[in-house]
Each structure stands twice: as structure tokens, then as C-alpha cells.
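Worksheet for the structure shown next.
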Amino acid sequence: MSIFEAIILGVVQGLTEFLPVSSSGHLVLLQKIFGINEPSLFFDTMLHAGTLLAVFAVLWKDIWELLKKPFQKLTLFLIIATIPAIIAGLAFNKTIEDIFNSAKFLGFCFLITTVLLVTAELLSKKARNENNLKSRENMKWIDGLFIGIMQAVAILPGISRSGATISGALFRKLDRDFAARFSFLLSIPIILGAVVLHSRELLKGSEDTIYSISAAAVIAGTVAAAIVGFFAVKFMIKIIKEKSLFGFAIYTGVLGLLIIFDQFVSRLVF
């Protein structure tokens, strides 16, 4: 893998990990369009580490508050919201891997992301007009569980994790700023889990798995993922607070329709 390809993959990872457009879906699409081979396990692990650094850099105040007072409701809600994704990952790992490799449902999954974003915006607008939004203090455990179930659904490539969790929070009428922050805080155990899981697999693998990509490419991709991820998180928090998600819904909707058209009609990529 060249340094240019590594940077491209790092930029895509940094952007799509936090924008509600599906990082896994774009990775599949990128591989199909440009013929880029699946990144090595070590490189993929480093990209995730880069995006993890981005979350820490943006939300360090929120994280510090959790570390100072770990035994609080927010910590419990984050744990509850993490459990469904863990269960789904363990139970359907092989199935998800097959779906990822085949990209059979990729277009339809992008359309699911569109439906989630549009529905969330409409429900959030209604709750705001009725002055019925819930603050961080009013959040219940059932809200965390619902958001966690939405995150578990997003294990499918094409369904955005951030889009699903933000939508889940808006479905539950959470304040938009808190909905964004909860979604990105929730990404920490998921990304950290991926890094730990990949690291364990690396320790069992051969040296070829680690050194199949040059150090320069790995560094370039990781830095790109961290820098782009940093600005993506800040951008999304601002967008969710002040704007709407309809633009992302249009993007994923058009992309999903184009993929479906290509899969069943033109067959230029799939």
C-alpha cells in the first residue's frame, strides 16, 4: 500500500467514523471502486487508534468529568448502551463478515441510514416545538438501552454507527447537544474494543501481518485519521446543535440508490 492510499483510507476513516454516513460502508465502496485491497489488520488497528485519539481530544472535558466521578448515572447509561453491540458482534460475527465481503445489502443499508436520519429529525423537531426535550439529568436507563440497540443494528456495513446512535438519542427526545456528545462518548468503548480485539489477533499472527505495510504508510494513515476525525467530531457537534441531518440523509439516500442501480442494472462496480 502506498502512502497516498494510506492517507486516503485514513481520511475516509476519520470522516466517516463520526459523520452519519457509515465508515464500514464507505470502506467497502472504496475497495470496490478503486480496487484497494483490504487494509492489513495492523493498519486497520492504527486507523481506529487515530480516531480514538480524535474523540479524546475533542471530548476531554466530558471524559475527565467521567473519570473524576466514575460512579454516576451517565457511566451506567454508557455501559448499558454498549452491551447490545457486544452481544450482536459476538453472536453474528461470521454473518456480518460475510455481508461485509459480499456487499450484497450495501445499498439498502445506506437507505436505512437515510430513513433513520430523516425520522430522527422529524421527531426531534416535534419534541422541540412541544418543548418536550430531555436534558442529561432527565435521561433514563431505557434511553441508553434504546440507543445501544440502535448501535447494534449499525454493525451492518452501510448503516452508520454515529447516525444510528444520534438518531436513537433524538428518537428518545434527548437534547441535541447531549445527544451528540453521548453518541461520541459511546464510540470510545466500541473503538477501544476494536483496537484491543485487533491487537489480540495481531499477537497471534505472524510478523508479516504487522510489517506488510511500510511504517511511513502506517504513520501517514494514522495521522490522517486522527486529524480528520478531530475536525469531524467538532463539525458534527456543531451541526447537530445548530443545523439538521437532512443533508447527510440526502447523501446516503442518493448513494444507496446509485449502489442498488449499479448492483442490479449497470454493474460497473459491483
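- Under the 4.5 Å side-chain contact rule for hydrophobic residues, Phe105 and Leu257 do not share a cluster.
- In summary, of the residues considered (Leu53, Ile190, Ile191), a side-chain contact (heavy atoms from CB on, under 4.5 Å) with His48 occurs for Ile191 alone.
- Nearest approach of Pro157 to Ser24, heavy atoms of both residues: CA-OG, 3.1 Å.
- Residue Glu121 is tested with Lys243, Arg176, Lys126 for a salt bridge (charged side-chain N to carboxylate O under 4.0 Å, His left out); the sole match is Arg176.
- Within the 3.5 Å criterion, the main-chain N or O of Ile239 finds no donor-acceptor partner in the side chain of Glu242.
- Not a single donor-acceptor pair under 3.5 Å links the side chain of Ser183 to the backbone N or O of Thr165.
- Closest non-hydrogen pair, Pro20 versus Ser160, comes out as CA-OG, 3.1 Å.
- With hydrogens and angles disregarded, no donor-acceptor distance shorter than 3.5 Å links the side chain of Arg128 to the backbone of Ser124.
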_Would Asp143 and Lys134 count as a salt bridge (Lys or Arg N to Asp or Glu O under 4.0 Å) here? Give the steps._
CA-CA 10 Å; Asp143 300 322; Lys134 290 188 284 189; 3.0 Å; yes
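- Side chains of Leu255 and Leu29 form a contact here, defined as non-hydrogen atoms less than 4.5 Å apart.
- Under the 4.5 Å side-chain heavy-atom criterion for Ile, Leu, Val, Met, Phe, Trp and Tyr, Leu78 and Leu67 are members of the same hydrophobic cluster.
- The shortest side-chain heavy-atom distance between Leu245 and Val118 does not fall under the 4.5 Å cut-off.
- Of the possible donor and acceptor atoms, none in the side chain of Asp262 sits under 3.5 Å from a partner among the backbone N and O of Leu258.
- A donor-acceptor pair is defined here as one N or O able to donate and one able to accept, closer than 3.5 Å; such a pair exists between the side chain of Ser187 and the backbone of Phe184.
- Connection of Ile260 to Tyr251 is not established within any shared hydrophobic cluster, with ILVMFWY side chains joined at heavy-atom distances below 4.5 Å, either directly or through further cluster members.
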After noting the C-alpha distance and the side-chain angles of Ser23 and Thr16, does the key distance pass the side-chain hydrogen bond (donor to acceptor under 3.5 Å, both in side chains) rule? CA-CA 4 Å; Ser23 60; Thr16 58; 4.5 Å; no
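- The two residues Leu170 and Ala179 have their closest heavy-atom pair at CD2-CB, 4.0 Å.
- At distances below 3.5 Å, not a single donor-acceptor pair connects side-chain atoms of Thr252 with backbone N or O atoms of Val21.
- If you chain together hydrophobic residues whose side chains sit under 4.5 Å apart, Met236 and Phe246 never meet in one group.
- Put simply, the side chain of Phe71 does not reach to within 4.5 Å of the side chain of Leu76, judged on heavy atoms.
- Classified by interplanar angle (parallel below 30°, tilted 30° to 60°, perpendicular above 60°), the ring pair Phe248/Phe235 is perpendicular.
- Within a 6.0 Å radius of CZ in Phe231, other residues, nucleotides and ligands contribute 12 heavy atoms or fewer.
- Taking CD1 of Ile159 as the start and CZ of Phe108 as the end, the distance is 12.5 Å to the nearest 0.5 Å.
- The line from CG of Asn138 to NZ of Lys173 is 12.5 Å long, rounded to the nearest 0.5 Å.
- A 4.5 Å side-chain heavy-atom check between Leu192 and Leu52 finds at least one atom pair inside the cut-off.
- Residues Leu9 and Leu27 meet the side-chain proximity criterion, which asks for heavy atoms closer than 4.5 Å.
- When side chains are defined from C-beta on, Phe178 does not count as touching Leu185, because their heavy atoms never get closer than 4.5 Å.
- At distances below 3.5 Å, not a single donor-acceptor pair connects side-chain atoms of Thr82 with backbone N or O atoms of Gly148.
- Under the 4.5 Å side-chain heavy-atom criterion for grouping Ile, Leu, Val, Met, Phe, Trp and Tyr, Leu186 is connected to Phe56 within one hydrophobic cluster.
- Within the 4.5 Å cutoff, no side-chain heavy atoms of Met139 are placed close to those of Lys73.
- In plain terms, the two heavy atoms of Ala127 and Leu133 that are nearest each other are CB-CD2, 3.7 Å.
- Rounding to the nearest 0.5 Å gives a distance of 7.5 Å between CG of Asp175 and OG of Ser135.
- Ser22 places a side-chain heavy atom less than 4.5 Å from the side chain of Phe110.
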